[in-house]
Protein chains: 2
Amino acid sequence: MAQRGRRTTRISGDERQEAILVTAETLLGEKSFDDISIDDLARGAGISRPTFYFYFGSKDDVLLALLDRVIGEVERRVGALPRDFEAAPASTWRQSIGAFVEVFAAHRAVSAAAIAGRARNPEVHALWSRSMESWVAYTTEVVVAERARGAAPGGLDARELAVALNLMNERVLTAVFSGESPSLPETDTLDVLAGIWIRSIYGRDLAP
Amino acid sequence: MAQRGRRTTRISGDERQEAILVTAETLLGEKSFDDISIDDLARGAGISRPTFYFYFGSKDDVLLALLDRVIGEVERRVGALPRDFEAAPASTWRQSIGAFVEVFAAHRAVSAAAIAGRARNPEVHALWSRSMESWVAYTTEVVVAERARGAAPGGLDARELAVALNLMNERVLTAVFSGESPSLPETDTLDVLAGIWIRSIYGRDLAP
DNA sequence: CGATCCACTCGACACGGTGTCGACGAATGT
DNA sequence: ACATTCGTCGACACCGTGTCGAGTGGATCG
């Protein structure tokens, strides 16, 4: 459950917690999560190692807090998007995927660390799973609607299609942003992703 | 480069090395790679911890050796496949992807551990990257050929399409075989994957 | 205005895993 | 019988994690 050792009064010290988070995100830009020790985090925030434990239960808890923010941001971005698939399906899909891509890009270090750390930490895994589940649900819903209005063909289970496409996005984005070897140029990523989504949802290309 | 402490003469002791590998794959079926200590591996092979280092330079080297075998198997399987995309494109794609799926399934623990360990270990990363690169090259080549004979439309860069599809397979397979939350039933996996490949390569459904 | 309380801090410790070193046996060839 | 090399391990040093208990200083209250 990872209880944070939070004080009840509203005095300072919150800054320390924030400092740890900032240090973590900065350090993640330089080296991998595994290579960051709790001592690094503590020193970066100007405190000693034991004091770190006053604010977070573990290194993973820091990652969790960071991931929580990133997910919140995607949530907000996607929620604020127009949803007129009937009028302009191609560009609406593109925008939705684009929101994802942008937030991922802005916090690439955190996203990459969280996705990698998912295997090790159950809470990180659960948080990420929950979000994926929500993107999948949204995707499925739209696919079903598109099929209902005759714009998209059947042939593949809507939810299964949605799962595969969302997992593709996750994987492609991590590959792109961590500069892996078989990867895409960052500039083409959105085009390729959106292209595959459109073709596999509608069974054909759509006018942009 | 991870030099293995191999003897030059051909005496026994090779069995020990094999025993370590077997122990590792067995243990991987029970717990995560991180939770397996070198002591576990050594005891499982009936030797002491220091002796382990005679055979392998580190725990990661064991994973590397395991992954090497799995990749070799995929390589062999895919190489032995028919390649008549002109006669029966849909089923030929399906079979290629199927080879992947089967080997992954047969060694799911190793595959999952290797893919997860990629982030931590440069050699594992390099080995996996090299393989991905080879599947991508193969895919690209076929897509280009299909376009050349007028069977598939352009619109997306062939290699970029190939990269995204191969990454999708990797991610979907790890999700399926490690029983993650947004995932697919194992029985539908090949259908969904093949379906998305066909639609995004040919821009339409193909007769099976 | 002293007592007290509580958020906050850290020195020091125990633990567990990794990797290394040096010594010791047991075959093999000379 | 002797040397060399393979294989083996006990013991050690190291490093990162997490905990415990003893402070310290500022706010609040009698």
Side-chain angles (χ1 to χ4, degrees), chain A residues 1-21 23-24 27-28 30-65 113 116-117 119-124, chain B residues 1-21 23-24 27-28 30-65 113 116-117 119-124:
Chain A
M1 204 98 299
Q3 77 294 15
R4 324 278 148 77
R6 295 298 317 286
R7 68 264 85 191
T8 32
T9 66
R10 71 221 62 86
I11 342 172
S12 89
D14 255 343
E15 299 146 23
R16 295 269 133 117
Q17 179 147 355
E18 186 58 27
I20 293 173
L21 259 7
T23 303
L27 251 28
L28 272 176
E30 299 164 16
K31 45 183 170 178
S32 87
F33 188 69
D34 289 333
D35 291 339
I36 298 173
S37 73
I38 290 184
D39 206 54
D40 292 334
L41 261 20
R43 292 192 173 284
I47 56 179
S48 73
R49 206 165 54 77
T51 301
F52 166 90
Y53 287 99
F54 180 79
Y55 294 101
F56 293 95
S58 69
K59 212 172 57 166
D60 282 341
D61 274 7
V62 176
L63 185 56
L64 198 62
R120 191 190 46 247
N121 187 281
E123 303 189 57
V124 172
Chain B
M1 203 95 304
Q3 77 295 12
R4 325 277 149 80
R6 297 296 317 287
R7 68 262 86 191
T8 31
T9 66
R10 73 223 59 85
I11 342 170
S12 88
D14 254 346
E15 300 148 21
R16 295 282 123 117
Q17 178 148 356
E18 186 58 28
I20 293 173
L21 258 8
T23 303
L27 251 29
L28 237 21
E30 298 164 15
K31 45 183 169 178
S32 88
F33 188 69
D34 288 333
D35 290 340
I36 297 172
S37 73
I38 290 182
D39 206 55
D40 293 334
L41 261 20
R43 292 191 173 284
I47 55 179
S48 74
R49 205 166 54 78
T51 300
F52 167 91
Y53 287 99
F54 180 79
Y55 294 101
F56 293 96
S58 70
K59 211 171 57 164
D60 282 340
D61 274 7
V62 176
L63 184 57
L64 197 63
R120 189 190 47 246
N121 186 281
E123 305 189 54
V124 172

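Order of the sequence lines sets the chain letters (A, B, ...), proteins ahead of strands, with each chain counted from 1. In this text the structure is predicted, and so the values were computed from the model without any measurement.
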Please state whether the phosphate of [N], meaning OP1 or OP2, lies under 4.0 angstrom from any side-chain nitrogen or oxygen of [X].
| X | N | value |
| --- | --- | --- |
| Tyr55(B) | dG7(D) | no |
| Arg16(A) | dT9(C) | yes |
| Thr51(B) | dG7(D) | no |

Rounded at 0.5 Å granularity, tell me how far [atom1] in [X] sits from [atom2] in [Y].
| X | Y | atom1 | atom2 | result |
| --- | --- | --- | --- | --- |
| Ser37(A) | Arg49(A) | OG | CZ | 8.5 Å |
| Phe54(B) | Ile20(B) | CZ | CD1 | 10.5 Å |
| Glu30(B) | Ile36(B) | CD | CD1 | 8.0 Å |
| Asp14(A) | Glu18(A) | CG | CD | 8.5 Å |

Among [options], which is the nearest nucleotide to the side chain of [X]?
| X | options | value |
| --- | --- | --- |
| Pro50(B) | dG18(D), dC9(D), dG17(C) | dC9(D) |
| Tyr53(B) | dC10(C), dT18(C), dT19(D) | dT18(C) |
| Phe54(A) | dC10(C), dC8(C), dG19(C) | dC8(C) |

When the distance from [atom1] of [X] to [atom2] of [N] is rounded to whole Å, what number comes out?
| X | N | atom1 | atom2 | result |
| --- | --- | --- | --- | --- |
| Asp35(B) | dG16(C) | CG | P | 15 Å |
| Phe52(A) | dT19(D) | CZ | P | 12 Å |
| Asp39(B) | dC15(C) | CG | P | 17 Å |
| Leu41(B) | dT18(C) | CG | C1' | 13 Å |
| Asp34(B) | dG17(C) | CG | C1' | 12 Å |
| Asp60(B) | dT18(C) | CG | P | 11 Å |
| Asp40(B) | dG17(C) | CG | P | 8 Å |
| Asp61(A) | dT17(D) | CG | P | 14 Å |

Val124(B) to Gly117(B) - nearest heavy-atom pair and separation:
CG1-C, 4.4 Å

Just checking Ser37(B): base, sugar-phosphate only, or nothing, at a heavy-atom cut-off of under 4.0 Å?
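Answer is sugar-phosphate: Ser37(B) comes under 4.0 Å of backbone atoms only.
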
Looking only at N and O atoms, is any donor in the side chain of Arg49(B) or the base of dG19(C) less than 3.5 Å from an acceptor on the other one?
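Per atom types, the contact qualifies.
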
